[in-house]
Amino acid sequence: MQMAMSMQLIPFISTPRQGQLINLNFSNKSSILSRCLIHNSDIQTSQTQRLVHHFNPKTPIEEAVTPPTSWYTDPSFFHLELDRVFYRGWQVVGSTEQIKDPRDYFTGRLGDVEYVVCRDDSGMVRAFHNVCRHHASLLAYGSGKKSCFVCPYHGWTYGFNGALLKATRISGMRNFNVNDFGLLPIKVATWGPFILLNLEKENRSQKEVDCHNVSKEWLGSCSEVLSSSGIDSSLSYLCRREYTIECNWKVFCDNYLDGGYHVPYAHKGLASGLKMDSYSITMFEKVSIQSCEGSSEKSEENYDRLGRKAIYAFIYPNFMINRYGPWMDTNLVVPLGPNKCQVIFDYYLERSLKNDTDFVEKSLQDSEKVQIEDVVLCEGVQKGLQSPAYSVGRYAPTVELAMHHFHCLLYENLTK
């Protein structure tokens with residue numbers, strides 16, 4: 001970029017005489033720099049788009065190669081994903097359990113977007129950009145309960161409806177309308193126990209969205225299938241676990257979507273509680289469901305944590321719902337960079353078992369073991385992707401259908 005800029009500037013600078021001072025404050029300097037930046041940005045976007053087309057979604061899975069390593073390692077590709085995938089459509093950000101009562105709130109970050117989700121005094125769920133309108137300080141941190149949002153920088157204060165309630169030291173300020181400086185709202189919705197944000201849609205009116213439309217946009221024709229599979233608000237929220245993993249967010253998704261391919265090799269304890277030969281995969285518009293029957297025999301190792309059937313639902317682009325026995329856990333994969341992601345696990349359980357301490361502790365220990373095994377796998381894959389020895393791979397056509405479906409959906413988003 002520096003070379004391109006200097007080439008543009010050279011014709012405007014004459015050769016100085018000895019001792020002559022050069023005035024570089026020429027009138028069109030800003031426009032020159034702007035053109036340089038735009039030109040270089042266009043080149044970068046064009047180069048990144050070429051990386052997208054290194055994958056061909058029209059090739060049958062039996063002949064297809066996987067996306068190239070650049071999809072998992074290139075910083076510019078990661079930023080394209082944020083813009084085309086995560087800043088568009090509905091994205092899960094949390095659980096209604098986090099804001100059970102009025103004035104509860106939680107904060108988060110997706111890409112460059114800082115957000116705060118809260119429940120106002122009337123019980124309505126709201127979401128805002130978590131940025132003070134005065135000098136851009138983050139407004140709230142973590143989660144909890146407040147009577148209002150007070151900026152830690154200069155004390156500007158906002159209500160749970162986003163309105164600016166107090167602006168300090170503004171005497172003498174002209175052309176200032178307090179109604180123009182409320183928090184910027186984000187479109188928010190709930191489905192079952194899940195909270196979703198849509199960063200591409202302005203929500204100036206802050207009216208509650210139509211849940212039926214949200215369900216259709218987010219889940220397509222799969223909504224009723226998931227509801228009838230016990231994925232709803234009837235379970236009791238139990239706890240949360242978080243894992244920061246040194247891998248691209250798609251590596252974790254790919255691992256989830258390999259049709260149980262890796263389970264007998266990497267999760268022998270889990271495999272012992274499943275009938276792997278019963279594994280099936282069903283695809284919908286933006287959802288894939290993998291299901292497997294549980295082992296019918298109880299033993300000390302298999303104490304019916306998995307039940308008679310396990311269902312693993314992947315909701316594009318980065319949310320997983322696992323329903324098995326009396327349990328449901330969800331996995332939210334948050335992209336942190338080309339080589340890093342955070343996976344947030346929320347656990348739900350049938351109310352009748354919530355106080356069965358032994359059962360809960362053993363179940364969570366077994367789940368933790370599986371997660372640690374997956375962390376090792378995913379971080380190993382990321383290291384392999386960064387090696388010059390690997391460029392593209394292949395799909396196992398009978399089991400990696402959901403993974404291929406995921407990659408095709410990504411391609412569709414990235415080329416729009």
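Everything quoted here is computed from the prediction, not taken from an experiment. Counting begins at 1 with the first residue of the sequence.
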- Audit row: Asn413, Tyr316, side chain to side chain donor-acceptor pair (under 3.5 Å) steps and yes/no: CA-CA 11 Å; Asn413 268 177; Tyr316 178 83; 2.8 Å; yes

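- In terms of heavy-atom proximity, Trp327 sits nearest to Arg323 at O-NH1, 3.0 Å.
- When every heavy atom of Glu217 is checked against every heavy atom of Asn198, the shortest pair comes out as OE1-ND2, 4.4 Å.
- Residue Lys146 qualifies as enclosed at atom NZ: its count of foreign heavy atoms under 6.0 Å is above 12.
- Closest approach of Val214 and Ala189 over heavy atoms only: CG2-CB, 3.7 Å.
- Interatomic distance, Leu235 CG to Glu350 CD, rounded to the nearest 0.5 Å: 6.5 Å.
- Distance CZ/Arg126 to CD1/Ile186: 13.5 Å, rounded to 0.5 Å.
- The residues Asp101 and Arg119 are annotated as not salt-bridged, no charged nitrogen and carboxylate oxygen being separated by less than 4.0 angstrom.
- Across every non-hydrogen atom of Cys378 and Cys247, the tightest pair is O-CB, 3.6 Å.
- Ser223 contributes no side-chain N or O that, together with a main-chain N or O of Leu219, makes up a donor-acceptor pair within less than 3.5 Å.
- Once rounded to the nearest 0.5 Å, the distance linking CG of Asp329 with CE of Met320 reads 11.0 Å.
- Residues Ser95 and Tyr348 have side chains that bring a donor and an acceptor to within less than 3.5 angstrom of each other.
- Within the 3.5 Å criterion, the main-chain N or O of Gly155 finds a donor-acceptor partner in the side chain of Thr157.
- In His53, the NE2 atom is crowded: over 12 heavy atoms of neighbouring residues, nucleotides or ligands sit closer than 6.0 Å.
- Counting only residues at least two apart or on different chains, the ring pair (Phe, Tyr, Trp, His ring centres under 6.0 Å) pairs with a member in residues 265-292 are His262-His267.
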- Message: Please determine whether side chain to side chain donor-acceptor pair (under 3.5 Å) holds for the pair Thr96 and Thr190, giving the CA-CA distance in whole Å, both sets of side-chain angles, and the decisive distance to 0.1 Å.
- Response: CA-CA 8 Å; Thr96 54; Thr190 61; over 6 Å; no

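- The CG atom of Leu196 sits 8.5 Å away from the CD atom of Gln91 when rounded to the nearest 0.5 Å.
- Looking only at distances, no side-chain donor or acceptor of Trp191 sits under 3.5 Å from a matching main-chain atom of Cys211.
- Side-chain contact check for Tyr312 and Asn331: no donor-acceptor pair (N or O, by modelled atom type) lies under 3.5 Å.
- Between Phe319 and Phe194, the distance from one ring center to the other falls under 6.0 angstrom.
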- Message: side-chain contact (heavy atoms from CB on, under 4.5 Å), that's the test. Do Val360 and Leu353 meet it? Break it down for me.
- Response: CA-CA 8 Å; Val360 169; Leu353 292 168; 5.8 Å; no

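- Scanning all heavy atoms of the two residues, the minimum distance from Arg351 to Ser233 falls at NH2-O, 4.2 Å.
- Arg394 places no side-chain N or O within donor-acceptor distance of the main-chain N or O of Ala396, the cut-off being under 3.5 Å.
- Between Trp90 and Trp218, the shortest heavy-atom contact is O-CD1, 3.8 Å.
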Donor-acceptor pairs under 3.5 angstrom involving side-chain atoms of residues 135-145: please list them, not counting sequence neighbours.
residue, atom, partner, partner atom, Å
Lys145, NZ, Pro102, O, 3.0
Lys145, NZ, Asp104, OD1, 3.0

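- Ring pair His407/Tyr395 is tilted by interplanar angle, where 30° to 60° counts as tilted.
- Within 6.0 Å of the OH atom in Tyr261, the count of heavy atoms belonging to other residues, nucleotides or ligands does not exceed 12.
- Taking the six-membered ring for Trp and the full ring otherwise, Phe128 and Tyr158 have centroids separated by 6.0 Å or more.
- Side-chain contact check for Ser291 versus Lys309: some heavy-atom pair is nearer than 4.5 Å.
- Ring pair His154/His134 is perpendicular by interplanar angle, where above 60° counts as perpendicular and below 30° as parallel.
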- Show the numbers, then the answer: is there a side-chain contact (heavy atoms from CB on, under 4.5 Å) between Val334 and Leu332? CA-CA 6 Å; Val334 183; Leu332 175 62; 4.0 Å; yes

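- Taking CG of Asn318 as the reference point, atom CG of Leu110 lies at 7.5 Å (rounded to 0.5 Å).
- Atom OH of Tyr153 has 12 or fewer neighbouring heavy atoms from other residues, nucleotides or ligands inside a 6.0 Å radius.
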- Start with the C-alpha distance between Lys250 and Leu410, add both sets of side-chain angles, then the distance that settles side-chain contact (heavy atoms from CB on, under 4.5 Å), and finish with yes or no. CA-CA 10 Å; Lys250 295 186 295 300; Leu410 275 172; 3.4 Å; yes

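- Between Glu114 and Thr107, the side chains place no donor N or O within less than 3.5 Å of an acceptor N or O (distance only, hydrogens not considered).
- Checking side-chain atoms of Arg88 against main-chain N and O of Glu200 turns up no donor-acceptor pair under 3.5 Å.
- Both cation-pi conditions hold for Arg133 and Phe181: the charged atom is under 6.0 angstrom from the six-membered ring centre and inside a 45 degree cone around its axis.
- If you take OH on Tyr324 and OG on Ser367, they are separated by 5.0 Å, rounding to the nearest 0.5 Å.
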- Item | Derivation of the side-chain contact (heavy atoms from CB on, under 4.5 Å) call for His79 and Asp83 | CA-CA 6 Å; His79 289 291; Asp83 181 57; over 6 Å; no

Name each donor-acceptor pair under 3.5 Å that joins a side chain in residues 379-389 to protein atoms two or more places apart or in another chain, with its distance.
residue, atom, partner, partner atom, Å
Glu379, OE2, Glu246, N, 3.0
Gln382, OE1, Asn248, N, 2.8
Gln382, NE2, Tyr72, O, 3.2
Gln382, NE2, Asn339, OD1, 3.0
Gln386, NE2, Asn339, OD1, 3.4
Ser387, OG, Ala389, N, 3.0

